[in-house]
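So the structure is just underneath, and the comments pick up after that.
What you see is a predicted model; the values in this text were computed from it and never measured. Below, each value reflects all heavy atoms present in this structure, side chains not excepted, and no hydrogens, waters or symmetry copies.
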Amino acid sequence: MESAVAYYHVSTKQQHRSGLGIEAQRTAVERFTEAEGLKIISEYVEVETGKGADALDRRPQLAAALSAARTAKCPVIVSKLDRLSRDVAFVSSLMVQRVPFIVAELGRDADPFMLHLYAALAEKERRLISERTKAALAAKKAGGSKLGNPRDIAGAGAIGRHMQIAAADEFVTGLLPLVRAIQNTGATTLEALTCALNERGVRPARGTRWYVSSVANLLSRAHKLTEGRTGAVAS
């Protein structure tokens, strides 16, 4: 049985104390390794924001995981790409460590190029969400709404809905390259896509399993996003 090193990461001490963030990652990794026939020989838990150019220096557990994997000549497994970093430059720096990374959510076939692509897409989408949120807040303020006013229930609700929509769009954008890759293998029906996503251990935005209806909603939202961007470019 092939060996692997598990790495779990939370960004706040509160998340670490609750244990929920770590256990969710551990469950995802254990489910993935069981399906792929891998054996976890050691695991490392980090509590650190890990931002900036010296992020690896401030993540001793990640450095230890890399060292252990290098010695055992095996990969490091994380549940999601953002457990490594949300910064594409940092992800790139990890790829040159000569230690293979496996992201359970993306599947074993996600090579370094795909990891770079996912990280770049996520980073760009987060920037767009931030810009759209700031623009929405500025528009509300210009329209006379008092931001932070507990009496402005309608305004707060509108901002909340905008942020929910932006988060949903981010999720779809980040997942779409994987969906396209699955479709290219011949899984073109809703049923085939549903099975492929569940077999790879990819979780939906809500819940723990994909269903034909949720995959249909995902593709519908992706189509609308693509049409919207195409229209914006054409105009």
- Message: Does any part of the side chain of K224, heavy atoms only, come nearer than 4.5 Å to the side chain of S220, both counted from C-beta?
- Response: yes
For F32 and G107, the nearest pair of non-hydrogen atoms, with its separation, is CE1-CA, 4.2 Å
E2 meets the salt bridge (charged side-chain N to carboxylate O under 4.0 Å, His left out) criterion, sequence neighbours left out, with R108
Cluster question for you: counting only ILVMFWY and a side-chain heavy-atom cut-off of under 4.5 Å, with indirect links fine, are L218 and V212 together?
-> yes
Subject >> I40 vs V29 side-chain heavy atoms within contact, under 4.5 Å >> reply: yes
Q. Just by modelled atom types, is the V78 backbone N or O under 3.5 Å from a matching donor or acceptor in the R83 side chain?
A. no
- Between Q25 (side chain) and H9 (backbone), is there a donor-acceptor pair under 3.5 Å? yes
Sorted by chain and residue number, the side-chain hydrogen bond (donor to acceptor under 3.5 Å, both in side chains) partners of Q183 (sequence neighbours excluded) come out as R180
Interatomic distance, CD@E105 vs CG@D82, rounded to 0.5 Å, equals 7.5 Å
Under 3.5 Å, which donor-acceptor pairs link side chains of residues 65-76 to any protein atom two or more places apart or in another chain?
unit_1: R70; atom_1: NH2; unit_2: Q97; atom_2: O; d: 3.3
unit_1: T71; atom_1: OG1; unit_2: S67; atom_2: O; d: 3.0

Worksheet item: Going by atom types only, do E46 and Y7 share a side-chain donor-acceptor pair under 3.5 Å?
Response: yes
Within-4.5 Å side-chain heavy-atom neighbours: L219 and L190: yes
Would you call I77 and V5 a side-chain contact if the rule is heavy atoms closer than 4.5 Å?
-> no
Is the backbone N or O of E23 less than 3.5 Å from a side-chain atom of T27, with the two atoms forming a donor-acceptor pair by type?
-> yes
Taking every heavy atom of I22 against every heavy atom of Y8, the minimum-distance pair comes out as CD1-CB, 3.9 Å
Legend entry - Check: N198 side chain, R209 main-chain N or O, donor-acceptor pair, under 3.5 Å: no
Linking I/L/V/M/F/W/Y whenever any side-chain heavy atoms sit under 4.5 Å apart, do F101 and I41 land together? yes
